[in-house]
Amino acid sequence: MEHQPSNFIRSIIKEDLETGKRDQVITRFPPEPNGYLHIGHAKSIVINFGLADDFNGKTNLRFDDTNPLKEDQEYVDSIKEDVQWLGYEWDELRYASDYFEEMYERAVLLIKKGKAYVDDLTPEEMREYRGTLTEPGKESPYRSRSVEENLDLFDRMRKGEFENGSKVLRAKIDMASPNLNLRDPALYRVSHATHHNTGDKWCIYPMYDYAHPLEDAIEGITHSLCTTEFEDHRPLYNWVVEECEMEHQPQQIEFGRLNITNTVMSKRKLKQLVDESYVDGWDDPRLPTVSGLRRKGYTPEAIRAFVQEAGVSKGSGVVDEAMLEHFVREDLKMKAPRTMGVLKPLKVVITNYPEGETEWLDAEINPENPEMGMRQIPFSREIYIEQEDFMENPPKKYFRLFPGNEVRLKHAYFIKCEEVIKNEEGEVVEIRCTYDPETKSGSGFTGRKVKGTLHWVDATHALPAEFRLYEPLIRDEDQKAEEAEDKTFLDYVNKNSLEVVQGFIEPNMKDVQSHDKFQFFRHGYFNVDPKHTTAEKAVFNRTVSLKSSFKL
RNA sequence: UGGGCUAUAGCCAAGCGGUAAGGCAGCGGAUUUUGAUUCCGUCAUGCGAAGGUUCGAAUCCUUCUAGCCCAGCCA
């Protein structure tokens with residue numbers, strides 16, 4: 001796998017190894033199975049697995065499944081699939097729920113040490129007692145319960161004697177700490193819920209701040225890498241490891257989240273778009289989910305290269321989506337066969353070409369990768385070209401077809417526009433052209449030059465196909481422009497984010513399979529959609545357009 | 001008006017006291033049967049601001065400013 005450029009985390013690990021602070025590297029990717037992975041997770045995956053790989057270490061995939069209310073087996077399955085698809089193999093597959101018994105025992109230890117207590121405050125009261133950003137909190141009246149009483153109460157919490165929300169186990173730290181995370185954080189809550197892994201065995205579940213450090217310590221994680229919003233939690237992380245008397249002391253290091261322009265990148269928002277049917281599932285090609293990018297036609301290689309090039313730092317920036325697009329073009333350039341497809345067809349009749357005759361032309365599959373070989377494409381009297389490749393009254397520097405102009409048909413002949421046929425509404429419905437047999441592609445003809453080369457498809461042999469063209473789901477500039485108070489990101493969903501058009505493709509595309517990738521000449525890279533494609537008609541998702549400096 | 005963190009080009013990002021890497025985007029030009037690709041050139045006398053230390057500062061010190069995160073029995 002590719003090596004990553006250096007970054008501050010790599011420097012820390014290197015130094016830890018050199019100074020002997022650590023003798024190996026063990027990382028983990030710890031998703032909560034409450035949604036599908038997005039490209040921000042891909043960043044974390046690349047960092048965790050990539051760093052471990054580079055230092056001959058190990059990486060566990062660990063599901064942080066401490067909240068059964070939000071989690072589901074569907075998500076664990078999709079996460080495993082996505083991690084593997086991205087090209088990584090975990091060393092061990094673990095679940096936080098594997099450690100519930102040990103976590104419970106460590107909590108008992110905390111109680112015995114006088115470092116934790118059972119609190120009867122309601123959630124509302126707890127919030128009031130917590131204080132604010134600028135004012136210290138005050139201690140709960142239950143804070144000074146005896147060890148015996150706490151032990152008894154905690155045992156009864158586990159046994160299910162109390163209702164949801166009625167009691168919590170809290171760490172006894174400092175209600176006046178300027179770091180709110182240290183104002184006696186909750187360690188366990190009562191939640192009578194069925195867990196996707198442990199069923200009904202438990203009715204108390206550990207909180208993230210308590211569970212995560214223990215999970216890391218149990219697994220011998222050396223470097224626990226997470227995003228910067230957990231920076232404030234680090235003192236608590238260390239407190240838990242120390243007070244629970246864990247043998248192994250992992251080090252938490254935080255890096256900045258990945259953000260990309262013109263999209264949303266939070267599981268909450270993505271779930272909302274899915275649940276409220278703004279998109280057709282977690283794998284909708286407009287979403288920055290790993291499965292959505294996959295369906296759109298992104299490759300693991302492109303995603304990895306993008307993440308690595310975007311870098312790792314503590315800053316919170318927004319990467320231009322153009323950068324993501326660059327890396328998929330780069331990867332597909334040599335891999336994807338090139339073919340011709342007409343998305344919005346306009347019929348062209350070549351008046352001096354014999355009726356009923358078809359000739360087969362040779363065409364390279366990928367001129368930049370000759371090993372991919374040749375294909376044959378039919379040519380006859382009637383073809384389709386792209387509607388936008390003809391203008392009756394073109395502006396200057398329009399290289400395409402217009403009355404009297406001659407252009408090349410890719411892999412075929414020069415044609416010259418002789419006549420325009422319109423319907424009653426005055427719309428152009430057909431073009432009549434003549435062709436010059438001497439200009440056949442590959443013949444070495446140099447008599448005349450043309451400025452434009454058009455793609456086309458033979459009308460009688462063409463296969464119908466559907467093309468799905470995407471625009472950003474949400475445009476940053478739309479959101480910024482309006483700046484309204486009572487609006488949510490849902491009010492800015494781009495109504496034109498999906499355009500479906502019916503066109504034609506070459507007959508040799510008859511047997512395309514889901515996820516086959518092609519470059520349609522002058523249009524961009526496309527992926528055969530796995531959900532909508534049928535035996536009768538292929539459906540192509542546009543992964544990304546080609547760059548173009550053309551503007552009308 | 002508490003605490004934590006971050007400021008290097010339009011965007012991401014190296015840099016760790018010795019004179020500003022790289023990628024994306026952009027802009028020129030060459031080649032081109034994709035207005036693509038490729039190639040070549042260009043793109044911070046400047047590192048959030050102001051002071052200071054030093055022969056020398058993006059790097060050290062001081063002050064200021066801006067942005068992000070935190071008041072779930074979510075992770």
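In the text below, chain A, chain B and the rest are named by the order of the sequence lines, each starting its count at 1. Model, not experiment: these values are computed from the prediction. Just so you know, these numbers use all the heavy atoms, side chains as well, and skip hydrogens, waters and symmetry mates.
- Within the 4.0 angstrom heavy-atom criterion, base atoms lie near A:Leu121.
- At the heavy-atom level, A:Met207 lies under 4.0 Å from the strands shown only through sugar-phosphate atoms.
- In this entry B:A25 has no Watson-Crick or G-U wobble partner, no candidate having both defining distances under 3.5 Å.
- The interatomic distance linking A:Leu258 (CG) with B:C11 (C1') rounds to 13 Å, in whole Å.
- Separating the C1' atom of B:C43 from that of B:A25 is a span of 11 Å, rounded to the nearest Å.
- Under the Watson-Crick or G-U wobble criterion, with both distances below 3.5 Å, B:U38 is paired with B:A30.
- For residues 169-189 of chain A, the pairs satisfying ring pair (Phe, Tyr, Trp, His ring centres under 6.0 Å) are A:Phe154-A:Tyr188, A:Tyr188-A:Tyr210, with sequence neighbours left out.
- Nucleotides B:G15 and B:U19 are separated by 13 Å at their C1' atoms, to the nearest Å.
- Using a 4.0 Å cut-off, no side-chain N or O of A:Arg130 falls inside it from OP1 or OP2 of B:G2.
- Ring planes of A:Trp282 and A:Tyr36: parallel class, angle under 30° (limits at 30 and 60°).
- With a 3.5 Å ceiling on both atom-pair distances, the Watson-Crick or G-U wobble partner of B:C68 is B:G4.
- Nucleic acid contact class of A:Arg127 (heavy atoms, under 4.0 Å, all strands): sugar-phosphate only.
- Under a 4.0 Å N-O distance rule, the pair A:Lys70/A:Glu32 does not qualify as a salt bridge.
- Taking a pair to require two hydrogen-bonding distances under 3.5 Å in either a Watson-Crick or a G-U wobble arrangement, B:A57 remains unpaired.
- The glycosidic torsion of B:G52 lies more than 90° away from 0, placing the base in the anti range.
- Look at B:U62: its Watson-Crick or wobble partner, with both distances under 3.5 angstrom, is B:A50.
- For A:Arg158 and A:Tyr104, the positive end sits near the middle of the six-membered ring, less than 6.0 Å away and at most 45° from its axis.
- Base pairing analysis places B:A44 opposite nothing; no Watson-Crick or G-U wobble pair with both distances below 3.5 Å involves it.
- Contact annotation for A:Thr122: base contact, defined as any heavy-atom pair under 4.0 Å involving a base atom.
- Salt-bridge annotation for A:Arg62 and A:Asp98: absent, with no side-chain N of the basic residue lying under 4.0 Å from a carboxylate O of the acidic one.
- Heavy atoms of A:Arg170 sit nowhere under 4.0 angstrom from any nucleic acid atom.
- Evaluation of the salt bridge (Lys or Arg N to Asp or Glu O under 4.0 Å) test over residues 361-371 of chain A, restricted to residues two or more places apart or in two chains, returns A:Arg338-A:Glu368.
- Rounded to the nearest Å, the gap between the P atom of B:G4 and that of B:C12 is 25 Å.
- Applying the 3.5 Å distance criterion, the base of B:G35 shares no donor-acceptor pair with the side chain of A:Arg522.
- Heavy atoms of A:Ser548 sit under 4.0 angstrom from primed sugar atoms or phosphate atoms, though from no base atom.
- Here, B:C69 and B:U63 have their P atoms 26 Å apart, quoted to the whole Å.
- Residues A:Thr194 and A:Asp200 bring a donor and an acceptor atom of their side chains to less than 3.5 Å of each other.
- Contacts with RNA chain B (heavy atom under 4.0 Å) in residues 318-330 of chain A: A:Val318, A:Val319, A:Asp320, A:Ala322, A:Met323, A:His326, A:Phe327, listed by number.
- For the P atoms, the distance from B:G46 to B:G10 is 13 Å, rounded to whole Å.
- When the C1' atom is compared between B:U32 and B:A21, the two are found 32 Å apart, to the nearest whole Å.
- Salt-bridge formation is not detected for the pair A:Glu388/A:Arg522: no Lys NZ or Arg NE/NH1/NH2 atom is positioned less than 4.0 Å from an Asp or Glu carboxylate oxygen.
- Base engagement by A:Lys410 is indicated by at least one non-hydrogen atom pair under 4.0 Å involving a base atom.
- The side chain of A:Lys547 sits closest to B:A25 out of B:A25, B:A13, B:A75.
- The gap from the P atom of B:A44 to that of B:A9 amounts to 12 Å, rounded to the nearest Å.
- Taking the six-membered ring where the residue is Trp, A:Tyr398 and A:Phe402 present tilted rings, their angle falling between 30° and 60°.
- Within 4.0 Å of A:Gly165, counting heavy atoms only, lies at least one base atom of the nucleic acid.
- In terms of polar N and O atoms assigned as donor or acceptor, the side chain of A:Asn179 never comes within less than 3.5 Å of the base of B:G4 in a complementary pairing.
- The side chain of A:Glu32 lies closest to B:A75, out of B:A71, B:A75, B:G22.
- Atom P of B:C60 sits at a distance of 16 Å from the matching atom of B:A14, rounded to the whole Å.
- Dashed line: the shortest gap from a side-chain N or O of A:Ser313 to OP1 or OP2 of B:A13 is under 4.0 Å.
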